[in-house]
Number of protein chains: 2
Amino acid sequence: MTKTPAESQQPARAATIYEVARLAGVSHQTVSRYMADRSKLRAATSEKVERAMAELKYSPNLTARSLRTKATYRLLALVPGASPYFPSRMLNGAAATAQAAGYQLDVVALEGTGPERTARLRRILDGGPFAGALSFVPISSTDLLQAQERIPVVVAGEYDDKMRGQGRISDGSAAQTIVAHLAGLGHRRIAHIAGPQEWPAARNRLAVYRQAVGHAGIEDGGVADADWSSASGYTAARALMADTSITAIFAANDQLAIGAMRALHDLGLNVPADVSVVGWDDHPESAFLVPSLTTVQMDLEAQGSSTMHQLLAALTPGAPVPPEPGPTAMRLVLRESSGPAPSGRRQTRLNP
Amino acid sequence: MTKTPAESQQPARAATIYEVARLAGVSHQTVSRYMADRSKLRAATSEKVERAMAELKYSPNLTARSLRTKATYRLLALVPGASPYFPSRMLNGAAATAQAAGYQLDVVALEGTGPERTARLRRILDGGPFAGALSFVPISSTDLLQAQERIPVVVAGEYDDKMRGQGRISDGSAAQTIVAHLAGLGHRRIAHIAGPQEWPAARNRLAVYRQAVGHAGIEDGGVADADWSSASGYTAARALMADTSITAIFAANDQLAIGAMRALHDLGLNVPADVSVVGWDDHPESAFLVPSLTTVQMDLEAQGSSTMHQLLAALTPGAPVPPEPGPTAMRLVLRESSGPAPSGRRQTRLNP
DNA sequence: CTTCGTATTGTTATCGATCACATACTTATA
DNA sequence: TATAAGTATGTGATCGATAACAATACGAAG
């Protein structure tokens, strides 16, 4: 073939409402009305339009519509640029929901820090014709307020944050179950490896952990700060293990737990005989680790979808909001990495 | 505050070229020309326009521009919907490159199979005003051809596929290094766990593996088919281990390798003493597994970026193409999971 | 049989940019 | 200095849709 794809695009030129109108023998406005609300047309007219549309394979030019209505039907998803610890399943859930509501989701990586990041955010929002934004990365409150002046912005997890503040069921609530599980196994002093506190999910899990420890009547052996990476989990676990009375570690995600398990291994400690480890997120690989990882199974798609529903609700103040899914399904999955607390006092066997 | 974000948007209404023109004392067309190519204006005029734009904080309405020019500056990224085995780092790389070239990247999940999927693809391309598409999921050649009629479509990995066919350096070439590595450790009979063959990357790795085994003068103990998941890696490894003379497994990605290692563990086999395992992709967690995983480090961002460059090149036939990055950096990372071949013949120790 | 109200449809303006062409203004050349 | 050629700018049309308003058709009430 001699034609490039770009050239052969010509014959496929999309039909306009005018062509549809001519073929149907009505005015273009009638066609427009058909699309807005076909029930306002007489059945016979409606059918004529329908037939013409089908014949011409008509699909509306969204650009033209946007120009006229000023509604863009484009949403912005902000994702972490560098970090590979972002669950793309959440993005998929959000994108699917957006699509179902007739919106397109543009994904943009928000990188950098401080003022540079603020400037970048501003530039994206100023230039782009977005109706709203959904951020999977933490945004400082000043940046958020500034952005909110232009379009609705929803930050993933912040709603859960609020729910927890109100004592309602939130994303972090499974932390309660974890602590109870460990207490039930006889652990009297446990520790937490926390994610970066800018992230609502990390705050949430930590807060519920603290609360639950008190509630279960066991001791908090300390909280180690980490980012979401296995490397930081490794470092954190080594530090925590200085306290030899800690018999269980609850990590804020599976990657941290993997790093922690490796640290315990390097310290000559056995999981779960010496120390139990619990993760969070239930990565598909976690079931196949040695030992397999006790963790919290999350419906991340549903979480993404739920966050998107929040944004959609903010977008259309009056309109009927699609049903928001119930509280995200969470389930503690018991595997090999958690077990009964050791009876005797622990001693580091290998190099510390 | 009583105003909703939507309402307070009002005062921020963007200026148009007409307002800029009036303020600058020129015609709207002059302003338009300024944006297209300011060098065609007289210095004095250019400056007037510039000043007016700055004062009004003018930014062009991309929607209106698109309507007129038919150029959309929006690209489509197709990602697997259900599968969590998609490296989002590739997407990030692609998105960044698109952005740098002035394009927005819309992410859409392509799910389903067969005709349903074809229909979905068609609907996305028909409705959406996309200038081009980049697919991270395999697309059947008929679907691809059909899509190509409308806009340029690039499928990630297929270019590498072609390069391999030409005997040039491709994504799969590290498989050669892996096989050589294992042969060097004394392994005489090894096996491969292959990814789904619709995926170019899986085809690539398998093809180079087959070739390299012959080249290294060792035996191919067989190829087990799998999807990308740890679960399928587990099943595949158990099946392969029926052949007791296989002493090393090369898995097409890290998740498969994790599943394989678990299967070996359940069979009472030690890694690497009894069987060596090598993965691919170097997930950040792989260094922290027990045993840590020998794998291939990939610059996935660069791969995503490179694929995007291909698309950009297809988009602008004549225009100067931004420099395509060199062959993607790949490096075999040696860790604990691979070691010398065992001397004696292996026997399954535990339940088979 | 008129009159009126409502349901349906048509006509024209509009969104904010670019394109095509006309015109005014420079500059170079004879 | 006159004229041609080239450069810079302005005017009106156009992209494909929706909005606002006008006009018509139809049926019920007077």
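Here is the naming used below: chain letters follow the sequence lines, and residue numbers restart at 1 for every chain.
- No side-chain donor-acceptor contact under 3.5 Å links B:Glu19 and B:Tyr58.
- End-to-end axis angle of the helix from C:dC1-D:dG30 to C:dA30-D:dT1, from C1' rotation axes over five pairs per end: 50° (rounded to 10 degrees).
- Between the P atom of D:dA17 and the CZ atom of A:Arg22 lies a distance of 14 Å, rounded to the nearest Å.
- Residue B:Ser32 places at least one side-chain N or O under 4.0 Å from the OP1 or OP2 atom of C:dT18.
- By the side-chain contact (heavy atoms from CB on, under 4.5 Å) test, A:Asn61 pairs with A:Thr63, A:Ala64, B:Leu67, sequence neighbours left out.
- Among the protein residues, B:Tyr34 comes within range of no part of the nucleic acid, since none of its heavy atoms lies under 4.0 Å from any strand.
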Task: Sequence-aligned protein contact record of nucleotides 8-15 of chain D, with B where the base is within under 4.0 Å of a protein heavy atom and S where only the sugar-phosphate is - done: SBBBBBBB
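- Among the candidates B:Val153, B:Val155, B:Leu134, B:Ile139, the single residue satisfying the side chain to side chain contact (heavy atoms under 4.5 Å, CB included) test with B:Leu78 is B:Ile139.
- Note on A:Glu55 versus A:Arg51: no salt bridge recorded, every NZ/NE/NH1/NH2 to OD/OE distance being 4.0 Å or above.
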TODO: Apply the test side-chain contact (heavy atoms from CB on, under 4.5 Å) to residues B:Met53 and B:Val31: give CA-CA distance (whole Å), side-chain angles for both, the deciding distance (0.1 Å), then the verdict.
DONE: CA-CA 9 Å; B:Met53 278 185 171; B:Val31 178; 3.7 Å; yes
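- Atom CG of B:Asp37 is separated from atom P of D:dT7 by 13 Å (rounded to the nearest Å).
- Residues B:Val137 and B:Glu198 fail the side-chain proximity criterion, which asks for heavy atoms closer than 4.5 Å.
- B:Phe136 pairs by the ring-ring contact (aromatic ring centres under 6.0 Å, His included) definition with B:Phe86, not counting sequence neighbours.
- The distance from atom NZ of A:Lys48 to atom C1' of C:dG10 is 13 Å, rounded to the nearest whole Å.
- Atom CD1 in B:Ile17 sits about 8 Å away from atom C1' in C:dT18, given to the nearest Å.
- The distance from atom CE of B:Met35 to atom P of C:dG16 is 13 Å, rounded to the nearest whole Å.
- Remark: B:Arg68 pairs with no residue by the salt bridge (Lys or Arg N to Asp or Glu O under 4.0 Å) rule, at least two apart or across chains.
- An OP1 or OP2 oxygen of D:dA17 is reached within less than 4.0 angstrom by no side-chain nitrogen or oxygen of A:Tyr73.
- Listed by chain and number, the residues in a ring-ring contact (aromatic ring centres under 6.0 Å, His included) with B:Tyr73 are B:Tyr103 (sequence neighbours excluded).
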